[in-house]
Structures are given as structure tokens and as C-alpha cells.
Amino acid sequence: MAPYHIRKYQESDRQSVLDLFSQGMVEHAPTTFRHMLKLRRTLVFLLGVPLALLLVSGSWFLALMAGLVLLAALRFLAKYPWTEYVAHSLHTDMSDIAETYLSGPGSCFWVAESEGQVVGTVGALPMEEPTLQKQQLQLFHLSVSLEHRGQGIAKALVRTLLQFARDQGYKEVVLSTTMLQYAAIALYQRMGFQKTGQYFSSTCGRLLAISIFHFTYRLPSAQVSQAS
């Protein structure tokens with residue numbers, strides 16, 4: 001028997017869900033920092049500024065301090081898009097999870113529970129575009145606590161959402177994720193999601209060279225109808 005079970009969100013889960021969501025997002029900051037260090041523009045900046053200061057001032061100490069300050073600024077910049085996303089979500093769909101996800105028949109929010117604790121989440125909302133509301137269901141906030149990964153919880157949450165989409169008559173499930181969320185991308189691809197787009201969501205994303213991947217899962221019923 002699986003050491004967890006999946007159920008619909010309850011209001012008593014709110015703080016646990018928000019904590020799990022916030023922690024999961026901030027986890028991506030180190031990966032973002034390493035990604036930034038590999039960019040040519042970053043290396044030029046990190047080497048060029050201290051070297052310029054050394055040539056102007058003749059002080060190795062000043063050059064070293066400048067390098068350390070720049071590294072600290074980069075670490076802050078690497079964390080910024082994730083904290084901004086959390087803040088944005090807490091003021092939009094996650095501000096009232098029950099109202100956003102459980103007030104209509106075409107949306108839902110699930111949690112994975114283990115030993116009385118919320119250890120995973122996923123949400124589903126119809127696309128906002130009127131022409132796509134009955135066609136596409138969008139996956140949001142798939143997250144599993146660090147201590148409970150490797151148990152198949154994320155896959156079970158996605159399967160729960162896909163079954164919900166079939167039952168509700170949707171034709172496709174869509175989602176967006178950053179290029180740096182490697183484990184999530186691998187999971188989606190193993191489960192049959194196809195990459196259908198790539199773009200920069202903001203000036204910050206373009207500056208950091210972090211693009212957004214768009215994935216689509218075509219439900220079997222839709223595939224059959226198109227083939228016929």
C-alpha cells in the first residue's frame with residue numbers, strides 16, 4: 001500500500017500547502033545561480049569589473065571585494081524570480097485556494113497526504129480564454145516535499161489530474177514550466193506530455209536567459225476523435 005493518499009484540498013490544509021509551495025519554488029534558486037554563472041555575459045561581468053577596478057586603483061583587496069559583492073548580487077538575482085512568482089501567486093490564485101479551485105465543476109485542487117501531513121499538491125483550472133475553457137485544462141503548482149520525493153507522489157498527482165480532465169470532458173491538459181525545472185520536465189515527458197512552445201515570460205527571464213516551456217497532453221478521447 002502506498003505510504004500516502006490523494007484527496008481534495010480542505011481549508012485546514014491552507015498553511016501547509018502555502019509552505020510547501022513557497023519552499024518548492026525557492027529550491028530552484030541554486031539551480032538558477034549555477035545557470036547564470038555559465039552565461040558568457042555573467043563571466044565577462046564578474047571578471048571585467050574587478051579587473052577594471054584593479055587597473056584603476058591598483059588594489060587587489062578592492063578588486064576582490066568587488067567580485068564578492070557581485071557574486072552576492074547574482075545570488076539575490078537568482079532568487080528574485082522565484083520569490084516574485086510566490087508573491088504573485090499568493091495575491092492571485094493561491095490567495096483563496098478553495099474559491100479559485102473548488103468553486104466550479106471544471107477545476108480542482110488536490111493534496112497528497114502522508115501520516116497526517118500534506119506532502120504534495122497539484123491544481124487544475126480551465127484556460128482563461130473563452131474559446132479554450134471547455135477544451136484545455138491547465139495544471140498548476142505540482143509540488144512534492146523534499147523528504148517524500150522518489151515515492152511516485154508527483155506521478156500519482158498528475159494521473160489524478162489527467163483522470164479528472166477525462167471525466168470533465170477536456171481535450172487537452174496544458175502546463176508551463178521553466179527550462180530549469182529539470183525533474184518536472186522529465187516527469188511530464190515520461191507521462192506523455194509534448195513540448196509545444198518556448199518563450200520568455202518577462203524581461204528578467206530574458207536577461208537571465210531562462211525560458212518557459214509549454215507542454216500539452218492530448219487526452220486519448222481527443223486523439224481518437226481527431227483520427228476518425
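Position 1 is the first residue of the sequence; numbering continues from there. Keep in mind that the numbers below use all heavy atoms, side chains included, and drop hydrogens, waters and symmetry copies.
Looking only at side-chain heavy atoms (C-beta outward), Leu43 and Leu39 stay at 4.5 Å or farther from each other. Side-chain contact between Leu175 and Val173: absent, with no pair of heavy atoms (C-beta onward) separated by less than 4.5 Å. The side-chain heavy atoms of Val119 and Glu113, taken from C-beta on, include no pair separated by under 4.5 Å. The side-chain heavy atoms of Val44 and Leu47, taken from C-beta on, include no pair separated by under 4.5 Å. Side-chain contact check for Leu64 versus Pro50: every heavy-atom pair is 4.5 Å or farther apart. A 4.5 Å side-chain heavy-atom check between Tyr85 and Phe21 finds at least one atom pair inside the cut-off. You'll find the side chain of Phe164 reaches within 4.5 Å of the side chain of Cys108, heavy atoms only. Side-chain contact check for Lys171 versus Gln136: every heavy-atom pair is 4.5 Å or farther apart.
The existence of a salt bridge linking Lys8 and Asp13 is excluded, since no basic side-chain nitrogen approaches an acidic carboxylate oxygen closer than 4.0 Å.
There is a side-chain donor-acceptor pair under 3.5 Å between His214 and Thr196. Side chains of Ser114 and Gln117: no donor on one and acceptor on the other come within 3.5 Å. No side-chain N or O of Thr216 forms a donor-acceptor pair with one of Glu172 less than 3.5 Å apart. Donor-acceptor pairing under 3.5 Å is recorded for the side chains of Asp19 and Gln15. A donor-acceptor pair shorter than 3.5 Å can be found between the side chains of Thr32 and Trp82. The closest side-chain donor-acceptor pair between Thr31 and His28, if any, does not fall under 3.5 angstrom.
Rounding to the nearest 0.5 Å gives a distance of 13.0 Å between CD1 of Ile153 and NZ of Lys155. Here CZ of Arg34 is found 7.5 Å from NZ of Lys38. Values are rounded to the nearest 0.5 Å. With values rounded to the nearest 0.5 angstrom, Ile212 atom CD1 is found 4.0 Å from Ser201 atom OG. Taking CG of Leu46 as the start and CG of Leu51 as the end, the distance is 12.5 Å to the nearest 0.5 Å. Once rounded to the nearest 0.5 Å, the distance linking OH of Tyr217 with CD of Gln194 reads 10.5 Å.
In the hydrophobic cluster analysis, where Ile, Leu, Val, Met, Phe, Trp and Tyr join through side-chain heavy atoms closer than 4.5 angstrom, Val86 is grouped together with Tyr101. In the hydrophobic clustering of this structure, Met94 does not group with Trp110; members are Ile, Leu, Val, Met, Phe, Trp, Tyr whose side-chain heavy atoms approach within less than 4.5 Å, directly or through other members. Note on Leu54 and Phe45: separate hydrophobic clusters, where clusters join Ile, Leu, Val, Met, Phe, Trp and Tyr whose side-chain heavy atoms are under 4.5 Å apart, directly or indirectly.
More than 12 heavy atoms of other shown residues, nucleotides or ligands fall within 6.0 angstrom of atom CZ in Phe200. More than 12 heavy atoms of other residues, nucleotides or ligands lie within 6.0 Å of CD in Gln198, so this atom counts as buried by the packing criterion. More than 12 heavy atoms of other residues, nucleotides or ligands sit less than 6.0 Å from atom OH of Tyr182. Atom CZ of Arg14 has more than 12 neighbouring heavy atoms from other residues, nucleotides or ligands inside a 6.0 Å radius. Other residues, nucleotides and ligands contribute over 12 non-hydrogen atoms within 6.0 Å of the OH atom of Tyr199.
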**OP:** Decide yes or no on side chain to side chain donor-acceptor pair (under 3.5 Å) for Gln181 and Thr178, but give the supporting numbers first.
**Re:** CA-CA 6 Å; Gln181 291 171 268; Thr178 71; 3.0 Å; yes

Original post:
What do the steps show when you test Phe33 against His35 for side chain to side chain contact (heavy atoms under 4.5 Å, CB included), and what is the final call?
Top reply: CA-CA 5 Å; Phe33 180 66; His35 166 78; over 6 Å; no

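Shown here for Arg41 and Leu207, the closest heavy-atom pair between the two residues is NH1-O, 2.7 Å. In plain terms, the two heavy atoms of Leu20 and Val144 that are nearest each other are CD1-C, 4.1 Å. Taking every heavy atom of both residues into account, Ala209 and Met179 meet most closely at O-SD, 3.5 Å. Closest of all the heavy-atom pairs between His141 and Asp93 is NE2-OD2, 2.7 Å. The shortest non-hydrogen separation linking Pro126 to Leu137 is N-CD1, 3.8 Å. Between Leu161 and Ala124, the closest heavy-atom pair is CD1-CB, 3.6 Å.
Of the possible donor and acceptor atoms, one in the side chain of Gln168 sits under 3.5 Å from a partner among the backbone N and O of Pro105. Of the possible donor and acceptor atoms, none in the side chain of Tyr188 sits under 3.5 Å from a partner among the backbone N and O of Lys195. Under the 3.5 Å distance criterion, the side-chain polar atoms of Thr100 are left unmatched by any main-chain donor or acceptor of Ile97.
Proximity of the aromatic rings of Phe193 and Phe215 is defined here by a centroid distance below 6.0 angstrom, and this criterion is not met.
Here the rule is side-chain contact (heavy atoms from CB on, under 4.5 Å) with Tyr9, and of Val17, Thr121, Val122 only Val17 fits it.
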